[in-house]
Peer 1: 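Structure in structure tokens, see below.
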Amino acid sequence: MDIKTLGKLTKWMETTDLEEITWKGDGEKISLRINNSPQQGQMLPGSSLVAVSSPSIGIFRFAPAGKSNLIKEGSPVKKGQELGVVEVGKDHKPVLAPENGSVRIMSVEEGKTVEYGQPLFFIEPR
Amino acid sequence: MSLFNKVLIANRGEIAVRVMRTLREMDIKSVAVYSEADRSSMHVREADEAVCIGPGPSRESYLNMQAVLTAAKLTGAEAVHPGYGFLSENAEFSRACAKAGIVFIGPSAESIEQLGHKAMARKIAVKGGVPVTPGTKGCVEKAAWAKEAAAVGYPIMIKAASGGGGKGIRIVRDAEQLKHEAEMASSEALAAFGNGEVYFEKFIDCPRHVEVQFARDSHGNAVAFPERDCSVQRRHQKLIEESPSPAVDKALRARLAEAAIKLAHTAGYVGVGTVEFLMDKDCNFYFMEVNTRLQVEHPVTEYITRTDLVKEQVLIAAGEKISISPARALQFEGHSIEHRINAEDFSRNFAPTVGRVEEWMVPGGPGVRLDTHIYQGYQLPIYYDSMLAKLIIWAPDRKQAIARSKRALGEFRVSGVSTTVDVHKLVLDHPDFASGNVDTGFMARMLEPRVPAEPAAAK
């Protein structure tokens with residue numbers, strides 16, 4: 001499958017509620033998956049802060065068991081850094097920093113119940 | 001076991017709102033779960049608590065078992081009501097609930113599995129002495145297709161073992177078409193359900209779709225309600241349902257009820273369910289399938305029998321007894337018709353429409369029940385089904401019910417989105433509907449009067 005067809009397929013997928021399609025044929029197998037994580041890195045209106053949203057419903061933990069958490073208000077963070085995890089069943093969904101910057105507000109506490117899309121941190125980008 | 005304090009509704013739309021109404025009357029708190037696209041949905045507003053469980057696409061939210069179960073645990077819900085669609089007929093979910101110590105308001109995983117597999121359900125029907133259409137004794141291997149089809153006798157239907165909603169069904173009128181059609185049916189079924197097994201049944205020309213609501217509790221008590229007639233369908237999707245059926249008399253009703261009760265006992269079913277039958281012109285009825293959930297059209301039964309089926313579901317799930325006797329369940333008064341009002345453009349071959357509901361003025365008055373989640377200003381999300389509302393009518397007899405339906409449909413004022421209100425008016429004005437002379441091919445004939453009618457296909 002050429003890039004042009006792939007591009008068309010991806011565009012078309014975005015208009016549907018399909019999340020994943022797999023195409024098999026001519027010895028090829030191609031899977032396309034649309035990313036449905038909550039929109040990260042959205043600027044708050046009237047503010048320079050960026051919200052970090054929960055990737056799932058579940059229980060928030062700053063660090064997986066056995067590891068100590070070093071994140072505090074004012075802590076510098078790097079894009080992609082794990083700020084915590086959300087426990088849903090046996091899964092741990094990582095909460096990642098969307099930008100380089102520093103943590104300005106922490107709106108979540110250890111062990112609290114969070115919803116999908118709920119803002120957990122606000123980061124001041126650098 | 002006492003009743004629940006809090007129940008989570010793993011659904012959206014009108015059915016979530018409808019379930020919450022009964023819970024409130026039973027003094028049980030309700031928890032809504034919702035997707036990001038449903039933040040301003042009615043069920044979120046009506047619930048005592050609401051939790052966002054994922055993004056718009058169903059698979060990441062309403063079909064996400066782990067998210068739903070986590071929501072139940074975190075909110076302290078003791079039971080989950082699945083509504084219809086989504087996880088309602090998912091055995092794995094029923095099992096996961098049990099494992100998590102949460103009551104699934106519906107039958108056991110085993111019942112869902114047995115009755116959801118069409119060939120297995122058929123075996124149970126045969127065992128219970130419920131009449132079935134002549135057909136193969138289960139799934140047919142490719143090598144045996146020709147022999148088995150000839151034994152059933154043409155015309156035949158090819159059905160997918162894991163099928164539902166009319167998907168994967170093909171009609172074959174002679175041996176020449178068989179190989180091609182069976183191959184198509186098998187590959188369609190494999191793609192849609194992950195199971196390419198097929199079986200054959202005799203095709204019944206111009207059948208009615210008649211179904212019986214039943215309930216059975218964990219103490220072994222079973223009841224069956226008067227039949228519903230759902231023959232007005234378009235491409236196997238029901239449009240209008242009514243109860244009682246204009247084609248069923250008292251003696252036949254008793255036989256239908258008896259069949260449903262036998263089936264419930266044989267399957268060891270605990271919960272509320274529906275058995276669907278095909279009925280030919282001579283009123284012979286044949287087992288089609290069992291729906292192991294509350295159905296969209298349950299209100300017509302509630303209306304004529306003055307019962308609350310959601311309440312019975314909750315009682316049964318809590319280990320209580322059904323609140324009415326078998327004789328009482330069959331008692332009814334008057335006639336009820338349900339109209340499914342969808343956001344579809346009738347002039348563009350029923351294409352679903354999206355948009356904002358700019359105007360929403362709904363019918364009311366005597367004998368009118370409207371189950372809906374729509375309000376003025378509501379933006380229809382693109383992710384879910386197109387049903388806007390169910391208009392349910394009651395009147396002392398069928399003739400008056402039709403007159404009342406016409407009156408109520410005339411009161412509907414909707415703008416911003418296209419609806420199927422006008423299609424319902426066309427059906428009500430049709431002489432065949434007025435005389436009760438409809439079968440499952442009625443809609444196809446009505447919509448394309450100039451084209452030779454497509455043979456009435458069984459569901």
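The sequence lines fix the lettering, A, B, ..., with proteins before strands; numbering per chain opens at 1.
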Peer 1: Considering the options B/Asn64, B/Ile53, B/Leu69, which one meets the side chain to side chain contact (heavy atoms under 4.5 Å, CB included) requirement together with A/Ile57?
Peer 2: B/Ile53

Peer 1: With a 4.5 Å heavy-atom cut-off (strictly below), which parts of residues 8-20 of chain B touch chain A? List them by number.
Peer 2: none

Peer 1: For residues 87-98 of chain A, pull every pair meeting salt bridge (Lys or Arg N to Asp or Glu O under 4.0 Å), keeping only residues two or more places apart or in separate chains.
Peer 2: A/Arg61-A/Glu87

Peer 1: So with a 6.0 Å cut-off around NZ of B/Lys6, is the heavy-atom count from everything else above 12?
Peer 2: yes

Peer 1: Among B/Val51, B/Leu74, B/Thr70, whose side chain to side chain contact (heavy atoms under 4.5 Å, CB included) with A/Thr113 holds?
Peer 2: B/Leu74

Peer 1: What distance do B/Lys73 atom NZ and A/Ile59 atom CD1 have between them, rounded to the nearest 0.5 Å?
Peer 2: 9.0 Å

Peer 1: Provide the full list of salt bridge (Lys or Arg N to Asp or Glu O under 4.0 Å) pairs with a residue in residues 113-126 of chain A, sequence neighbours left out, each pair given once.
Peer 2: A/Arg104-A/Glu124

Peer 1: Is B/Ala50 in contact with chain A via its backbone, its side chain, both, or neither, using a 4.5 Å heavy-atom distance?
Peer 2: backbone

Peer 1: Give me the atom names and distance for the closest heavy-atom approach of B/Arg39 to A/Tyr116.
Peer 2: NH2-O, 4.3 Å

Peer 1: Are more than 12 heavy atoms from other residues, nucleotides or ligands located less than 6.0 Å from atom CD of B/Glu141?
Peer 2: no

Peer 1: Suppose the criterion is ring pair (Phe, Tyr, Trp, His ring centres under 6.0 Å): which pairs have a residue in residues 36-75 of chain B, not counting sequence neighbours?
Peer 2: B/Tyr62-B/Phe86, B/Tyr62-B/Tyr384

Peer 1: So for atom CD, which belongs to B/Glu92, do other residues, nucleotides or ligands contribute more than 12 heavy atoms lying within a distance under 6.0 Å?
Peer 2: no

